Amino acid sequence: MLLSAFALSLSVNAQSVHDSQLSPVARSASSTPAIPEVASPKLKFGFFSYNRVLEAMGAYAEANRHLSELRAKYDAEMKRAEQEFNKKYEEYLDGQKDFAPSIAEKRQSELRELMEKNLAFRDNVRKMLAQAKENTFAPIKEGLNAAVRDIAKAKGFAFVLNTDNDAVPYVDLSMGTDINEELKGLLK
C-alpha cells in the first residue's frame with residue numbers, strides 16, 4: 001500500500017513539474033479546448049429624435065388643434081362653474097348678517113358641496129384630457145413606429161435609438177445613421 005501511495009505521489013509530482021515547464025500559451029492550450037474565432041458582423045444602427053419627427057408630422061398638428069379645442073371647451077365650463085360659485089359666495093356674504101343660523105349653515109353646506117363638485121370636475125377634466133391626448137396620439141405614434149421599423153429593416157439596422165432627453169450623448173456616425181430627415185419626409 002505504501003508503495004502504491006508513493007508511486008501515485010511521484011506521478012502527480014511529475015505531472016505538475018511538466019505543467020510548470022510549459023509556456024503560459026501551451027498551458028492554456030492544453031487545459032482548454034481551442035475555440036475558433038468567428039468574425040463578428042459590423043453592427044449598424046439608426047438614430048433620430050422622436051419628438052422632432054413627431055412634431056414635423058401633419059397629423060400631429062391636427063391632433064394638437066383638436067386637443068386645444070377640447071381643452072378650451074373644458075376651460076369654458078370650469079370658468080362658468082367658478083363664476084357660479086363666486087356669485088353664490090357673494091350672495092352668501094351679502095346676506096350673511098341677516099341669515100338665521102340654520103339658513104347660514106344650509107348656505108355654507110351648499111357652497112362646500114358646490115366647491116367639492118367643482119374640484120372633482122377639475123380633476124376629472126385633467127384625467128379626461130390626458131386620456132384624450134393618449135387616444136389622439138396613439139395612431140400617430142403607431143404610424144411613426146411602423147415607419148421606423150420599415151426603415152430599420154430596409155437598411156439592415158440592428159436597432160434604432162431615440163436621442164431625446166439626452167438619452168444618447170454620443171453617436172459614432174461611422175457606425176450609426178441619422179434617419180430624422182428620412183422619417184420626416186416619409187411621414188409628412
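One is the number of the first residue; the rest follow in order along the sequence. On a predicted model such as this, the values are computed, not experimentally measured, just so you know. Only heavy atoms go into these numbers, but all of them, side chains included; no hydrogens, no water, no symmetry mates.
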Practice item. For a salt bridge (charged side-chain N to carboxylate O under 4.0 Å, His left out) with Glu69, tell me which candidate from Arg65, Arg71, Lys73 qualifies. Key: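 Option passing the salt bridge (charged side-chain N to carboxylate O under 4.0 Å, His left out) with Glu69: Arg65.
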Practice item. Mind running side-chain contact (heavy atoms from CB on, under 4.5 Å) on Met57 and Leu54 for me, showing each step along the way? Key: CA-CA 5 Å; Met57 296 171 66; Leu54 193 64; 4.0 Å; yes
Got a second to check how far [X]'s [atom1] is from [Y]'s [atom2], nearest 0.5 Å?
X      : Y      : atom1 : atom2 : value
Asp178 : Leu173 : CG    : CG    : 8.0 Å
Phe85  : Glu90  : CZ    : CD    : 10.5 Å
Asn118 : Asp123 : CG    : CG    : 11.0 Å
Thr163 : Tyr170 : OG1   : OH    : 15.0 Å
Lys155 : Glu182 : NZ    : CD    : 4.0 Å

Practice item. Apply the test salt bridge (charged side-chain N to carboxylate O under 4.0 Å, His left out) to residues Lys87 and Glu84: give CA-CA distance (whole Å), side-chain angles for both, the deciding distance (0.1 Å), then the verdict. Key: CA-CA 5 Å; Lys87 180 181 174 191; Glu84 179 185 346; over 6 Å; no
Practice item. Give a yes or no on whether Tyr89 atom OH has more than 12 heavy-atom contacts from other residues, nucleotides or ligands under 6.0 Å away. Key: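 12 or below, so no.
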Practice item. Apply side-chain contact (heavy atoms from CB on, under 4.5 Å) to the pair Phe47 and Ile179, showing each step before the final yes or no. Key: CA-CA 6 Å; Phe47 60 93; Ile179 60 171; over 6 Å; no
Are [Y] and [X] connected into the same hydrophobic cluster when the rule is that any two of I, L, V, M, F, W, Y join if their side-chain heavy atoms are below 4.5 Å apart?
X      : Y      : result
Leu119 : Val125 : no
Val168 : Val148 : no
Phe99  : Leu114 : yes
Ile151 : Met175 : no
Leu67  : Met78  : no

Smallest separation among heavy atoms of [X] and [Y], with atom names:
X      : Y      : answer
Gln108 : Tyr92  : NE2-OH, 2.5 Å
Thr136 : Ile140 : O-CD1, 3.8 Å
Lys184 : Arg52  : CE-O, 4.0 Å
Val160 : Ala152 : CG2-CB, 3.7 Å
Leu183 : Ala147 : CD2-CB, 3.8 Å
Ala132 : Leu70  : CB-CD2, 3.7 Å

Is the closest side-chain heavy-atom distance between [X] and [Y] below 4.5 Å?
X      : Y      : value
Leu93  : Gln96  : yes
Lys88  : Leu111 : yes
Lys44  : Thr177 : no
Lys106 : Ser109 : no
Glu82  : Arg122 : yes

Point to revise | Exercise: do Gln131 and Asn135 side chains pair donor with acceptor under 3.5 Å | key: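 Yes, a side-chain donor-acceptor pair sits under 3.5 Å.
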Practice item. Go through the steps to decide whether Met128 and Tyr74 satisfy the test side-chain contact (heavy atoms from CB on, under 4.5 Å), and finish with yes or no. Key: CA-CA 10 Å; Met128 288 187 300; Tyr74 282 128; 3.5 Å; yes
Practice item. Measure up the Tyr50 and Phe48 rings against each other and bin them: parallel (under 30°), tilted (30 to 60°), perpendicular (over 60°). Key: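 Correct class here is tilted.
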Check your understanding: Is the Tyr60 ring parallel, tilted or perpendicular to the Phe137 ring (thresholds 30°, 60°)?
Key ->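 Tyr60 vs Phe137 ring planes: tilted.
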Check your understanding: Between Asn165 and Ala167, is there a donor-acceptor pair closer than 3.5 Å when you use the side chain of the first and the backbone of the second?
Key ->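 No, the answer is negative, given that no donor and acceptor are paired below the 3.5 Å cut-off.
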Practice item. Decide yes or no on salt bridge (charged side-chain N to carboxylate O under 4.0 Å, His left out) for Arg112 and Glu116, but give the supporting numbers first. Key: CA-CA 6 Å; Arg112 268 194 303 275; Glu116 287 171 2; 5.7 Å; no
